[in-house]
Amino acid sequence: MPTLHIVQGDITKLAVDAIVNAANSSLLGGGGVDGAIHRASGPELVFACRMLNGCKTGEAKLTKGFRLPATYIIHAVGPVWRGGAHGEADLLASCYRRSLEIADAHTLQRIAFPNISTGIYGYPKDQAAEVAIAAVSRFLEKPTSIQEVTFVCFDAENRTIYEQILQSQNQ
Ligand code: AR6
């Protein structure tokens with residue numbers, strides 16, 4: 001059975017098969033976790049990203065990790081929060097599902113996600129965590145190469161939210 005983990009910290013430090021980036025549709029870098037990943041991966045990353053022709057919201061694309069400890073980066077584009085009635089939950093779930101599909105297609109085993117859309121894009125953290133855990137759990141019901149999914153929470157608030165949801169599911 002694949003396992004779910006929660007850690008608090010910097011996703012760029014993780015030596016997993018793939019870390020997921022909370023990117024924007026240009027895929028050419030930005031602030032938040034995207035900026036941290038580009039800084040840690042090095043200048044090769046933006047060259048690789050230029051070849052990808054951008055990425056739609058709810059979709060994801062793969063590059064190498066370059067100077068990161070992680071082998072690959074899966075760049076997912078989350079929705080900007082616009083009140084919740086603009087398909088945000090489906091688009092956010094799609095980010096997690098598509099990232100896992102890409103990881104599975106490359107027979108990867110260990111993948112780590114940041115809390116996509118909950119920073120600059122303004123998605124409420126508790127609602128985003130519910131969507132993330134539900135989408136990942138649903139994906140892991142089917143046979144897959146993925147053995148371990150880590151939710152990397154940068155802040156204590158997100159960590160507590162994730163811990164509470166997972167604890168309530170295990171009761
Ligand atoms: N490791 C893990 N999580 C982090 C890190 C890190 N090093 N740094 C920040 N976070 P955000 P978004 C958390 O804003 O909301 C960029 O400019 C952060 O605390 O990075 O999807 C892109 O280019 C938050 O919980 O991404 C887009 O334009 C989470 O990562 C836009 O921001 C996501 O916050 C995407 O916005």
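Order of listing sets the numbers, starting from 1, for every ligand and every atom in it.
When side chains are defined from C-beta on, Ile146 counts as touching Phe139, because their heavy atoms get closer than 4.5 Å.
In this structure, the protein non-hydrogen atom closest to atom 33 (C) of ligand 1 is Asn115 O, 3.3 Å. Of the protein's heavy atoms, Thr118 OG1, 2.9 Å lies nearest to atom 25 (O) of ligand 1. From the protein, the heavy atom lying nearest to atom 17 (O) of ligand 1 is Gly31 N, 2.7 Å.
Considering every non-hydrogen atom in both Ala103 and Ser145, the closest pair reads O-OG, 4.1 Å. Of all heavy-atom pairs spanning Thr57 and Leu91, the tightest one is O-CD2, 3.8 Å. For His75 against Cys55, the heavy-atom pair with the smallest separation is O-SG, 4.2 Å. Nearest heavy atom pair, residue Leu68 against residue Ala40, reads CD2-CB, 3.5 Å. Residues Ser41 and Gly65 approach most closely at OG-O, 3.0 Å, considering heavy atoms.
Contact annotation: Ser117 has at least one heavy atom less than 4.0 Å from an atom of ligand 1. A heavy-atom separation below 4.0 Å is found between Asn158 and ligand 1. Distances shorter than 4.0 angstrom occur between a heavy atom of Gly9 and an atom of ligand 1.
Judged by the 6.0 Å distance and 45° axis criteria, Arg50 is positioned over the aromatic ring of Phe47.
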- Task: I would like to know whether Arg138 and Glu141 meet salt bridge (Lys or Arg N to Asp or Glu O under 4.0 Å); could you show each step before the answer?
- Result: CA-CA 5 Å; Arg138 201 170 306 129; Glu141 287 169 3; over 6 Å; no
- Query: Would Tyr96 and Val20 satisfy side chain to side chain contact (heavy atoms under 4.5 Å, CB included), going step by step from the backbone distance to the final call?
  - Reply: CA-CA 9 Å; Tyr96 285 90; Val20 176; over 6 Å; no
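Nearest-residue assignment for atom 22 (C) of ligand 1 (options Val20, Asp34, Asp10, Ile11; heavy-atom criterion): Asp34. Comparing heavy-atom distances from atom 6 (C) of ligand 1 across Phe154, Tyr121, Trp81, Phe151 singles out Phe154 as nearest.
A salt bridge is absent between Lys142 and Asp104: the closest approach of a Lys/Arg side-chain nitrogen to an acidic carboxylate oxygen does not fall below 4.0 angstrom.
Counting atoms of ligand 1 from 1 in the listed order, those under 4.0 Å from a heavy atom of Gly30 are 17 (O), 23 (O). Of all atoms in ligand 1, numbered sequentially from 1 with element shown, those under 4.0 Å from a heavy atom of Ala36 are 7 (N).
Contacts between Ile37 and ligand 1 below 4.0 angstrom, taking non-hydrogen atoms only, are absent altogether.
Looking at Gly122 next to ligand 1, no N or O pair under 3.5 Å apart turns up. Residue Gly119 has at least one nitrogen or oxygen atom sitting less than 3.5 Å from a nitrogen or oxygen atom of ligand 1, judged on distance alone. Looking at Ala22 next to ligand 1, no N or O pair under 3.5 Å apart turns up. Checking only distances, Ile120 does come within under 3.5 Å of ligand 1, N or O to N or O. Taking any N or O of Val33, backbone or side chain, at least one lies under 3.5 Å from an N or O belonging to ligand 1.
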